[in-house]
Every structure is written in C-alpha cells, then in structure tokens.
Amino acid sequence: MNTAPTDTESPEEKRSLNFIEQIIEEDLKTGKWEGRVHTRFPPEPNGYLHIGHAKSICLNFGLAEQFGGKCNLRFDDTNPTKEEQEYVDAIKDDIRWLGFDWEDREFYASDYFEQLYDWAVQLIQAGKAYVCDLTGDEIREFRGTLTEPGKESPFRNRPVEENSDLLERMRAGEFANGEKTLRAKIDMASANVNLRDPVIYRILHAHHHRTGDEWCIYPMYDYTHGESDSIEKVTHSICTLEFENHRPLYDWFLENLGIYHPQQIEFSRLNVTYMVTSKRKLLDLVKEGRVSGWDDPRMPTICGLRRRGYTPEAIREFCRAVGVTKFDGVTQIVELENSLREDLNKRALRVMAVLKPLKVVIENYPEDQVEELDAINNPGDESAGKRKVPFSRELYIEQTDFMEDAPKKFFRLSVGREVRLRYAYFVTCTDVVKDDDGNVIELRCTYDPETKGGNAPDGRKVKGTIHWVSSEQAVTAEVRLYDHLFAKEDPNDVEEGRDWRDNLKPNSLEVLTDCKLERNLADAATNTPYQFERTGYFCLDATSSSEKVIFNRAVSLRNTWGKMQKKGG
RNA sequence: UGCCCGGUAGUGUAAUGGUAGCACCAGGGAUUUUGAUUCCCUUAGUCCUGGUUCAAAUCCAGGCCGGGUAACCA
C-alpha cells in the first residue's frame with residue numbers, strides 16, 4: 001500500500017495484492033477460467049461460525065465481489081452424526097449479518113450424493129477403487145507411519161465386479177457400521193499419508209438432517225469436496241493450511257474422474273490472542289456451561305461478537321487488516337478492538353452514564369429546579385444533532401472521578417477542587433460524607449451559576465470535565481463488562497497435566513447492577529451503538545427489557561489515565 | 001523420523017533482482033467541554049552461512065527455527 005487514498009485508486013498506483021489476488025489476476029490475464037472468478041464458503045454445519053470463519057467469508061465473498069465473480073454458500077454435510085439444522089440456520093444468519101449474499105446459490109454436499117455415488121462406481125470400473133473389509137484399527141495399522149510405508153490391504157485386488165456388487169450392497173444396507181469401506185486405490189507407500197488408499201465411503205446408519213434415511217453410506221470429506229467444487233464450477237477453492245497435504249488427493253480424484261478441475265489454494269487460518277477457535281473447545285464451553293451460550297458476548301463466535309456490540313463493518317475491516325498469507329501467525333486482540341473503536345467512534349451516539357455511582361448534592365442549587373441542558377450527540381458528526389439532558393440539585397458521578405488524597409496529576413474532583421460537569425456547570429467540592437466504615441458515600445459541592453453550559457465568563461479554566469447523571473431522572477440499569485475469556489494470550493499454553501480450561505479467566509464477566517443512565521437511554525434501541533462518554537462503547541443486550549435494562553460493554557475507550565496510574569504503581 | 005509449507009520492527013503485513021514501506025502497539029508532544037477523537041514526532045526489522053549478480057528480503061545451495069500431517073472428522 002502506498003499513501004494514495006484507496007477510494008480514488010488510480011491505475012498507475014496499484015494497491016498491493018495478497019498472494020491469492022495475484023493468482024486470480026494472473027488467471028484473468030491468461031484467461032485460464034474464461035475470465036470467471038467463482039469461489040465458495042463451505043462450512044460444516046456442526047457448530048457456530050467464529051471470527052476465523054469471518055476471515056474466510058470475507059475472503060471468499062470479497063474476492064468474488066472484487067473481481068465481479070460469484071461466491072456460493074455450500075454446506076459440507078457429509079457426516080450426519082455431527083450435523084444439525086440448527087447450525088445451518090445460525091450459519092446463514094451470521095453470513096447475512098456480516099453483509100454477504102449468496103443469492104440463489106445455497107448448496108449442500110448432500111445434494112450431490114447421487115452423483116458422488118455414480119463417480120465412485122466409475123472409479124471402481126476403472127480399477128481405481130475397491131471395497132475393503134479391514135476394520136478401522138486394521139486400516140490404521142496397514143497405513144504405516146510417517147516414516148514407514150504402509151501395507152496393501154488383502155482386499156485391494158478384488159475384481160471389479162465384486163467391488164461393484166459390494167458397493168451396491170453397502171448402499172442397500174446389508175452391512176453394519178464399520179464393516180466395510182470403499183477405498184481409492186492409490187499408493188500405500190506414498191510419502192503423503194493421505195494418498196495411502198484413503199477411505200472414500202463409510203457405512204453410517206444414521207439419520208441425515210437433509211437426506212433423512214435415504215443413505216446409509218456417506219462420502220468422506222476428501223472425496224466430496226473437490227467434486228462438489230467441480231460440480232459448482234468453482235475456479236478457486238480456497239481453504240486453510242491444514243489441507244495443503246490433501247491437495248494431491250483433491251487433484252487425484254478430479255484427474256482420475258476426468259472432470260472439471262478447480263484450483264485449491266491454501267492460506268493461514270486466523271489466530272487471535274486470548275481466543276480459542278477450535279470448534280470442539282467452543283462446543284465444550286457451551287456444553288459445560290462455562291459461558292451462557294454460543295452467543296455469550298465473550299465468545300469469539302459471530303453471534304457472540306454481535307451480541308457484544310461488534311458491527312459487521314468492524315469485523316470486515318479487521319479481516320481486511322490482518323491480511324492473507326501462508327504465514328501461521330497470531331494477531332493481537334487489540335487489533336480487533338481497535339477496528340471496533342474506529343468504526344464506533346464515527347457513528348456511536350454519545351450519552352452520559354455512571355457505572356459506579358457516587359451521590360453529589362449541589363448545595364447552592366435550588367431544591368426543586370430542573371434545567372434542560374443541551375448536549376451534543378456526536379462531536380465528530382454534526383448531523384447527529386443535539387439532545388436535552390436534565391440537571392438538578394442531586395446527581396451521580398463516577399466513584400473513580402473523586403479522590404480524597406488526589407495527586408497533582410488527578411484532574412478530577414477532590415475537596416477544594418473545581419471541575420466541569422459536562423454540558424452543565426463548574427462545581428467545587430466542599431465536603432464529603434462518610435459511612436461508619438469511612439467510605440465516601442456522598443459529596444457536597446457548590447456550583448457557579450455563571451458557568452452554565454461549561455464556560456466561565458471570567459475565562460478561568462478547569463483541568464477536568466466529568467460526566468454525571470441527574471438522580472431524579474436517571475434510568476437504573478445493569479451493565480455487563482467483559483474481559484478476555486482467557487487469562488493467557490495462548491489459551492492452549494498449559495503445563496503438563498493441566499487443561500486449556502485452566503486458563504479460563506475467573507473474572508471475565510463483571511456485572512454492575514446499580515448503574516445510572518441519562519434519561520434518554522430509557523428508549524434505547526437494540527443494535528444501536530452508544531458511547532458512554534469517557535467509559536466505552538455499549539449496546540443494549542438482547543435480553544434487555546423495560547423492566548430490566550441491560551447494557552453490554554463492547555469495548556472500552558482508550559484509557560491513557562489508566563495506563564499512567566498503572567505505571568505509577 | 002518421512003513428507004508438505006513457512007520465516008521482513010514487539011504484532012500483523014508491503015516491497016515480485018534496483019531507496020526495506022504501512023498499520024497496530026510502545027514512547028514523546030500539540031489540540032481538546034470525553035485523560036476519547038484528531039494531528040505531529042520517535043524507537044525498532046529482512047533467521048544463519050555461503051553462492052550467482054554491478055545490485056539479493058527477493059534467485060540457488062546448505063543449515064537453523066516454526067507450523068501442518070499417520071479419524072471410517074472436516
């Protein structure tokens with residue numbers, strides 16, 4: 001990238017392309033696919049989508065968009081024992097929410113079961129596949145190891161007729177689970193273990209979420225994926241690095257079947273600090289009740305991030321920013337948080353909300369008076385307009401905005417110090433009220449009527465401006481603050497004998513039950529991001545109601561004061 | 001131990017034989033009715049050793065380090 005603005009990209013100043021874009025551009029130049037670009041996003045419906053999937057979605061749909069091509073949604077549903085309709089529905093919701101559209105191209109590998117079966121017959125006819133009676137354990141044993149070649153199955157040279165007959169009977173349900181498999185006849189001595197006569201069909205007497213009980217044999221991933229790509233005339237089949245060793249097999253099936261042959265390209269999956277993206281671990285977190293569900297705002301799932309207050313724009317920007325390479329790295333979670341702040345800063349409405357209230361009485365303010373003061377909704381966006389906030393004698397401010405023995409660098413309230421109440425008046429703290437344990441429970445202050453709106457006619461300045469909420473009109477709410485789900489950057493970094501679960505952070509959720517929000521938040525809308533000034537970005541929780549108002553903190557504001565404090569000891 | 005793939009500031013990435021650049025983080029400063037935002041500045045990098053070349057992050061060789069890989073999972 002150079003410094004040229006991206007939206008006025010000139011032909012001479014080409015922005016840098018990632019390695020996949022380069023391949024596509026080259027293919028377009030040589031006419032390899034007749035100018036077509038066709039990708040697909042192929043989730044297995046056995047879990048919810050997470051941030052890693054978002055990267056793949058942005059890549060596949062993004063490439064199609066960028067090059068005027070198409071991207072299919074295809075469910076890789078070849079294992080009925082793990083897959084469910086619930087996941088199909090959730091996956092579709094998440095992709096749509098992210099802002100991508102597969103139009104009428106919603107496909108399922110299970111749509112191709114009949115064709116896949118015919119091709120298996122074709123392989124048998126060509127002497128390139130055979131039915132094997134070895135058990136699972138035996139197959140593993142015969143496969144050899146990483147350093148030693150495998151041994152050929154005693155069933156490897158069954159005559160074609162016998163193989164055809166057996167496969168037919170497998171399909172007819174004559175055999176029990178695991179009794180037989182169909183295997184490709186490739187090379188038991190291959191250095192690539194994937195080529196040592198891989199299983200292509202297994203017997204599974206199980207109900208499939210789409211094909212019901214029509215089948216009792218199901219094709220394996222390796223056998224299914226390339227052919228599905230082929231059927232859909234995909235040009236670039238983009239997957240993650242762990243499938244690199246499978247590419248020769250992907251190619252083998254397509255070559256030996258003599259059918260349309262897309263190109264598989266692998267990129268490195270997304271890793272983010274303090275997050276796990278293993279589907280199994282995510283499932284464990286949900287099943288074991290360590291989080292409230294797939295959409296727990298601490299989860300790296302798309303629905304979790306959404307409930308937390310993330311926007312599609314922020315996630316897409318993040319996926320753009322991390323780039324596409326073959327280097328297996330780890331992205332810092334602050335990069336994600338930063339994308340959110342950047343997006344929300346532009347559009348979140350500013351409001352005042354006190355998370356940990358401390359009562360303030362303005363002693364020289366008239367008892368029954370309420371003033372409606374002007375407040376700006378978004379200082380960076382004039383079109384967001386203004387609103388009125390009520391001001392009165394009794395207010396709440398943040399406990400952290402008062403300090404008894406305040407250091408010089410503390411720009412907030414302390415006895416004898418003057419600060420500005422945002423959009424209101426200058427106030428000076430005159431006294432504190434304490435409970436029996438010596439905790440400050442109330443502040444007595446005086447205000448300067450001349451400073452209405454926040455400016456002093458005599459030109460005097462104050463160091464600090466703090467937020468406040470008028471107590472009479474305040475909305476009481478619950479606010480949930482989230483921290484990283486895990487205590488370690490790498491949740492999988494555990495000592496011998498311990499488990500990734502041991503790295504779960506004990507206080508990743510902090511619930512504040514007595515928060516005071518400005519009156520305007522009484523009719524806050526879901527999906528509307530707010531900035532609680534000086535605190536962070538928040539949104540209404542999905543479970544919020546007028547009886548119990550609940551807000552989630554999506555991300556805090558940058559906090560240099562907090563950093564200074566930490567450093568100061 | 002085989003095979004495959006990688007290695008550029010702390011992190012994520014660009015440079016495709018010709019000035020090692022960008023973003024985040026960190027540090028410093030300016031502005032500020034959010035200790036936010038915005039703006040400016042600074043620190044800091046080609047895994048190693050050879051070779052090819054006028055010229056190597058880039059090409060070649062060897063090494064080192066990291067990842068993936070031995071489900072009837074995907």
Side-chain angles (χ1 to χ4, degrees), chain A residues 1-3 15-19 22 42-44 46 76-79 81-83 132 134-136 139-140 143-150 177-183 190-196 198-204 217-218 220-222 224-225 239-248 266 268 273 279-280 321-332 334-335 337-339 341-342 345-346 350 352 375-376 379-380 409-412 420-424 426 453-455 461-467 531-536 556-565:
Chain A
M1 253 336 240
N2 52 45
T3 50
R15 73 185 191 88
S16 68
L17 303 176
N18 67 49
F19 81 103
Q22 286 172 34
E44 184 192 11
N46 69 342
D76 237 320
D77 55 350
T78 56
N79 185 353
T81 65
K82 289 186 177 170
E83 297 150 7
C132 182
L134 255 26
T135 66
I139 287 180
R140 198 171 312 123
R143 188 157 34 226
T145 68
L146 292 178
T147 52
E148 304 156 88
N177 287 357
E179 210 176 319
K180 289 182 171 14
T181 57
L182 181 70
R183 296 227 258 161
S190 173
N192 183 340
V193 188
N194 294 122
L195 262 21
R196 319 241 262 231
V199 169
I200 59 186
Y201 266 96
R202 77 287 215 186
I203 299 171
L204 238 37
I217 57 172
Y218 290 92
M220 300 289 290
Y221 165 85
D222 282 312
T224 308
H225 202 88
C239 60
T240 44
L241 249 29
E242 68 269 28
F243 293 102
E244 222 161 9
N245 295 332
H246 294 242
R247 184 164 13 106
E266 310 85 13
S268 67
T273 55
K279 276 196 191 179
R280 205 207 78 231
V322 297
V324 179
T325 64
K326 299 190 72 160
F327 176 70
D328 185 26
V330 185
T331 298
Q332 310 286 300
V334 292
E335 197 85 42
E337 296 168 342
N338 209 55
S339 300
R341 289 193 186 104
E342 196 184 324
N345 177 51
K346 283 182 290 192
R350 272 61 171 174
M352 293 196 283
I376 295 165
K409 288 283 185 90
F410 186 78
F411 300 153
R412 308 173 187 183
R420 171 166 42 230
L421 294 179
R422 182 129 161 111
Y423 300 126
F426 284 11
N455 287 305
K461 302 286 185 203
V462 285
K463 287 290 239 181
T465 300
I466 64 175
H467 61 279
Q531 184 195 98
F532 290 3
E533 292 207 44
R534 304 207 305 134
T535 308
S556 67
L557 251 33
R558 279 203 189 81
N559 183 0
T560 35
W561 168 241
K563 262 184 238 167
M564 281 167 67
Q565 278 180 309

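By convention in this document, chain letters (A, B, ...) are assigned in the order of the sequence lines, proteins followed by strands, and residues within each chain are numbered from 1.
As rounded to whole Å, 10 Å separates atom P of B:G12 from atom CD of A:Glu335. Atom pair A:Asp328:CG and B:U11:P shows a separation of 14 Å (rounding to whole Å applied). For A:Leu182 and B:C72, the CG to P distance is 14 Å, given to the nearest whole Å. Here B:C72 presents its C1' atom at 11 Å from CG of A:Leu134, a figure rounded to the nearest Å. Rounded to an integer number of Å, the gap from CG of A:Asn245 to P of B:A71 is 13 Å.
Between the side chain of A:Arg534 and the base of B:G35, no donor-acceptor pair under 3.5 Å is found. A donor-acceptor contact under 3.5 Å is formed by the side chain of A:Gln531 with the base of B:U34.
Side-chain proximity of A:Thr560 to B:A36, B:A70, B:G67: nearest is B:A36. Across B:C73, B:C72, B:G2, the shortest atom-to-atom separation from the side chain of A:Arg143 is found for B:C72. Considering only side-chain atoms of A:Thr147, the nucleotide from B:G2, B:G35, B:C72 that sits closest is B:G2. Of all nucleotides listed (B:C72, B:A74, B:U8), B:U8 comes nearest to the side chain of A:Phe327. When distances are taken from the side chain of A:Asn338 to each of B:A15, B:U1, B:C24, the shortest belongs to B:C24. Comparing B:U37, B:G12, B:C73 by their nearest atom to the side chain of A:Glu44 picks out B:C73. Of all nucleotides listed (B:C24, B:C73, B:C3), B:C24 comes nearest to the side chain of A:Arg558. Among the nucleotides B:C72, B:A74, B:C4, the one closest to any side-chain atom of A:Asp76 is B:A74. Among the nucleotides B:G7, B:C5, B:U34, the one closest to the side chain of A:Thr465 is B:U34. Ranking B:G12, B:G68, B:G2 by closeness to the A:Thr331 side chain, first place goes to B:G12.
Among the heavy atoms of the strands lying under 4.0 Å from A:Met220 are primed sugar atoms or P, OP1, OP2 only; no base atom is included. Across all strands, A:Arg247 comes closer than 4.0 Å to no nucleic acid atom at all (heavy-atom distances). Contact annotation for A:Lys463: no contact, since no heavy-atom pair falls under 4.0 Å across all strands. Looking at heavy-atom distances under 4.0 Å, A:Ile139 makes contact with a base. Contacts of A:Phe410 with the nucleic acid, taken as non-hydrogen atoms under 4.0 Å apart, include base atoms. Heavy atoms of A:Phe411 sit under 4.0 angstrom from at least one base atom. Residue contacts for A:Tyr201: at a heavy-atom cut-off of 4.0 Å it reaches no nucleic acid atom on any strand shown. Counting any heavy atom pair closer than 4.0 Å across all strands shown, A:Pro42 reaches no nucleic acid atom. Across all strands, A:Gly178 comes closer than 4.0 Å to base atoms (heavy-atom distances). A:Tyr423 comes within 4.0 angstrom of a nucleotide base, judged by non-hydrogen atoms across all strands. Here A:Thr224 lies out of heavy-atom contact (under 4.0 Å) with every strand.
A:Arg202 has a side-chain polar atom (N or O) that falls below the 4.0 Å cut-off from OP1 or OP2 of B:C73. Taking 4.0 angstrom as the limit, A:Lys279 places none of its side-chain polar atoms (N or O) nearer than this to OP1 or OP2 of B:C73. Between B:A36 and A:Arg350, no contact under 4.0 Å exists linking OP1 or OP2 to a side-chain N or O. A:Gln332 has no side-chain polar atom (N or O) that falls below the 4.0 Å cut-off from OP1 or OP2 of B:A26.
The backbone N or O of A:Thr135 sits nowhere less than 3.5 Å from a side-chain atom of A:Arg140 that would complete a donor-acceptor pair. No donor-acceptor distance shorter than 3.5 angstrom exists from the side chain of A:Glu533 to the backbone of A:Met352, with no hydrogens or angles considered.
Aromatic ring pairs are classed by plane angle as parallel below 30°, tilted from 30° to 60° and perpendicular above 60°; the pair A:Phe243 and A:Tyr221 is tilted.
When both pairing distances are held under 3.5 Å, B:G6 makes a Watson-Crick or G-U pair with B:C65. Shown here, B:A55 forms no base pair; nothing in the strands shown gives a Watson-Crick or G-U wobble contact with both key distances under 3.5 Å. The pairing partner recorded for B:G21 is B:U13, the criterion being a Watson-Crick or G-U wobble arrangement whose two distances lie under 3.5 angstrom. Applying the Watson-Crick and G-U wobble criteria (two distances, each under 3.5 Å), B:A44 pairs with nothing in any strand. Under the Watson-Crick or G-U wobble criterion, with both distances below 3.5 Å, B:U34 has no partner in any strand shown.
Positionally, the nearest nucleotide of RNA chain B for A:Asn192 lies more toward the 5' end than for the other of A:Asn192 and A:Gly454. RNA chain B is contacted by both A:Val193 and A:Ile466; A:Ile466 maps to the nucleotide lying nearer its 5′ end (nearest heavy atom per residue).
Ionic pairing of A:Glu244 and A:Lys326 is present here: one or more N-O contacts between side-chain nitrogen and carboxylate oxygen are shorter than 4.0 angstrom.
Nucleotides B:G51 and B:G45 are separated by 24 Å at their C1' atoms, to the nearest Å. Taking atom P in both B:C64 and B:U13, the straight-line distance is 26 Å, to the nearest Å.
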Given A:Glu242 and A:Asp328, is the side chain to side chain contact (heavy atoms under 4.5 Å, CB included) satisfied, shown in steps?
-> CA-CA 11 Å; A:Glu242 68 269 28; A:Asp328 185 26; over 6 Å; no
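By the rule that a glycosidic angle within 90° of 0 means syn, B:A55 does not qualify and counts as anti.
The aromatic ring of A:Tyr221 is not stacked on the base of B:A74, since the criterion of ring centres less than 5.5 Å apart with planes inclined by under 30° is not met.
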